[in-house]
Amino acid sequence: DIDDIGHKYHLELVLEDVLDKDSTVNCTAEVLYHLGNKNIAPDVQFTIEGELKNTDEADNVFYNQIKSLEKELVAENIPDSHGNVSPEMEPIHLLAWVASGYVIWQNSTENTKFQLAQIKHVKQVKRSDEYLEFDYMILLHEMVSQEIIPWQMTVLWHPQHGVQVTQDSRQPKHASE
Amino acid sequence: MKILLVFAALVAAACSEQLFVGDQVLRITASDEEQITLLRVLGEQTELQLDFWRHPTSPGRPTDLRVPFPSLQAVKIFLESNSISYSIMIEDVQVLLDEEKKTMTRSRRTERSTDTFDFASYHTIDEIYDWMDMLVDEHPNLVSKIQIGQSFENRPLYVLKFSTGGSNRPAIWLDTGIHSREWITQATGIWTANKIAKEYGQDPSITTILDSMDIFFEIITNPDGFAFTHSSNRMWRKTRSINAGSNCIGVDPNRNWDAGFGGTGSSSNPCSETYRGPYAHSESEVKAIVDFISGHGNVKSVISIHSYSQMLLFPYGYKTAPAPDHQELNELAKKAVNDLAAAYGTKYTYGSIVDTIYMADGTTIDWAYDNGVKYSFTFELRDTGRYGFLLPSNQIIPTATETWPALLDIMVHVLEHPY
């Protein structure tokens with residue numbers, strides 16, 4: 001507890017590569033949840049011991065695949081009801097995972113636990129510059145309230161420049177569902 | 001069109017299968033004897049290749065006639081110029097034949113026995129009900145199906161009873177699918193029920209258990225919700241009951257039990273995923289279980305299976321004070337979780353609901369515990385969020401396989417600690 005400021009947590013964690021379970025990296029972090037205004041994202045400071053795997057080759061393959069599509073990519077329900085993700089959609093899924101991490105960070109409090117539940121819909125937006133742009137409609141699952149929250153996010157990505165969420169907004173849940 | 005037909009005929013000849021593309025079946029009603037005679041004469045024109053499905057007999061009675069496509073025009077002109085009334089019963093015979101073929105292939109693929117049932121996929125409510133009947137058929141001396149009530153939308157609430165005899169023996173209650181979107185639970189339920197039936201007489205633990213105890217297993221505890229996850233919204237959690245004065249549907253069946261009902265661990269808002277309902281046991285799906293367990297009077301353990309989070313939980317969720325049997329339940333959970341991890345290394349956390357996951361009131365196991373069922377546990381199966389509710393079907397069997405020894409640990413403990 002830090003008087004008049006908020007609650008600070010010191011964490012020691014192990015990062016595990018989702019694509020390679022044996023590849024792990026130690027990490028320490030400090031998270032500060034601010035008192036009062038719940039609309040401010042928690043402060044996060046972290047250090048990674050060692051290096052994350054280089055993914056340049058896979059990144060470039062994905063980048064070129066999308067760049068060379070004649071029609072804009074469109075897809076929905078990733079994973080589908082049975083948990084399937086087709087191999088072609090796996091990078092789109094992973095990109096949503098990273099981008100939703102940003103959205104989750106920006107909207108987390110000490111009383112929330114968010115997970116990406118599903119990509120309802122994703123549409124590529126063609127750009128004249130070198131970036132790839134995707135307009136996602138995702139479902140976030142919030143563990144404490146058990147709510148499924150639709151969220152729109154616009155995601156920019158480039159192999160060298162990484163991920164950026166340029167716009168995101170919480171969507172209303174349909175009352176009849 | 002003609003070229004297509006010739007080609008089709010050639011192909012058909014090559015495949016030695018007769019095609020009926022474009023053929024129609026006409027229902028003809030002759031109004032008098034003269035018209036009957038005309039129809040008979042028509043049928044004698046062999047070049048037309050007419051095929052009576054129902055021969056012309058007397059006026060007023062229908063004549064059904066299959067007309068090959070090339071003869072259609074001629075036949076219709078004949079009927080119309082003689083003022084013989086007719087209607088087209090079948091627009092294209094081949095279309096019907098194709099449909100029939102598809103249905104037949106499909107039904108050949110339908111499961112004929114539990115040996116061929118695909119445990120590694122997610123199934124519909126009907127497929128699961130069919131499988132249940134097969135299981136009972138195959139193990140008539142061990143398994144029976146009882147109905148304990150009806151859902152809001154009047155679906156049957158079925159429970160599988162595993163019993164080797166006796167009268168009102170001490171019993172273990174298992175349920176899966178109370179939250180309909182947690183598909184891994186119903187799938188694990190099917191596999192587990194099958195395992196119990198198969199292993200009786202083979203596995204020493206389950207055999208000893210069933211020799212003196214009964215097992216009651218409700219696999220689709222929330223059928224309305226489950227049907228809705230298939231038809232409309234894969235993420236539906238609650239029941240499908242209508243809430244007076246609200247557009248929002250459904251009550252959280254795991255906040256509707258009469259144990260700490262109405263606290264901060266549930267919601268009073270019908271639109272919420274944790275809506276507790278207008279009063280405890282308002283949901284027929286919950287009331288049915290309450291009545292069954294209370295009526296039975298000899299249930300010694302309630303194990304309610306959920307997903308996801310990889311946890312093994314025991315009471316309480318509605319208060320922070322530890323349950324009187326906290327230590328024993330904690331030790332048992334620890335053992336079960338270790339044995340679960342032995343299969344594939346899957347790590348579970350364990351403890352009381354309130355300590356491990358969050359405050360939750362009106363839960364199944366809190367009600368069971370407060371009503372004398374000491375060994376009350378909730379499982380939260382795989383995973384920890386990567387796929388969440390959308391767990392890939394290739395994880396069904398591993399999940400069920402690793403959970404089995406944990407379930408056995410609890411059931412053996414119950415057997416060995418009568419009260």
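Protein chains get the first letters and strands the later ones, always in sequence-line order, with residue 1 at the start of each.
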Looking at [options], which has the largest count of heavy-atom pairs under 4.5 Å with chain A?
options: B/D252, B/T274, B/N394, B/L390; result: B/L390
options: B/M235, B/H230, B/H179; result: B/M235
options: B/S393, B/S121, B/G265, B/G388; result: B/S393

Taking all non-hydrogen atoms of both residues into account, name the closest pair between [X] and [Y] and its distance.
X: B/I125; Y: B/F226; result: N-CE2, 3.8 Å
X: B/T264; Y: B/D361; result: N-OD2, 3.3 Å
X: A/H93; Y: A/I119; result: CA-CD1, 3.8 Å

Which region of [X], side chain (C-beta onward) or backbone (N, CA, C, O), has a non-hydrogen atom less than 4.5 Å from a non-hydrogen atom of chain B, or is it both or neither?
X: A/L139; result: side chain
X: A/S145; result: backbone
X: A/N77; result: neither

Hey, are the side chains of [X] and [Y] touching, using non-hydrogen atoms and a 4.5 Å cut-off?
X: B/D383; Y: B/Q310; value: yes
X: B/I353; Y: B/Y318; value: no
X: B/I184; Y: B/Y308; value: no

For [X], is it the side chain, the backbone, both or neither that has a heavy atom under 4.5 Å from a heavy atom of chain A?
X: B/Y122; result: both
X: B/R181; result: side chain
X: B/S266; result: neither

(request) Indicate whether the side chain of B/T229 and that of B/W236 have a donor and an acceptor atom separated by less than 3.5 Å. (result) no
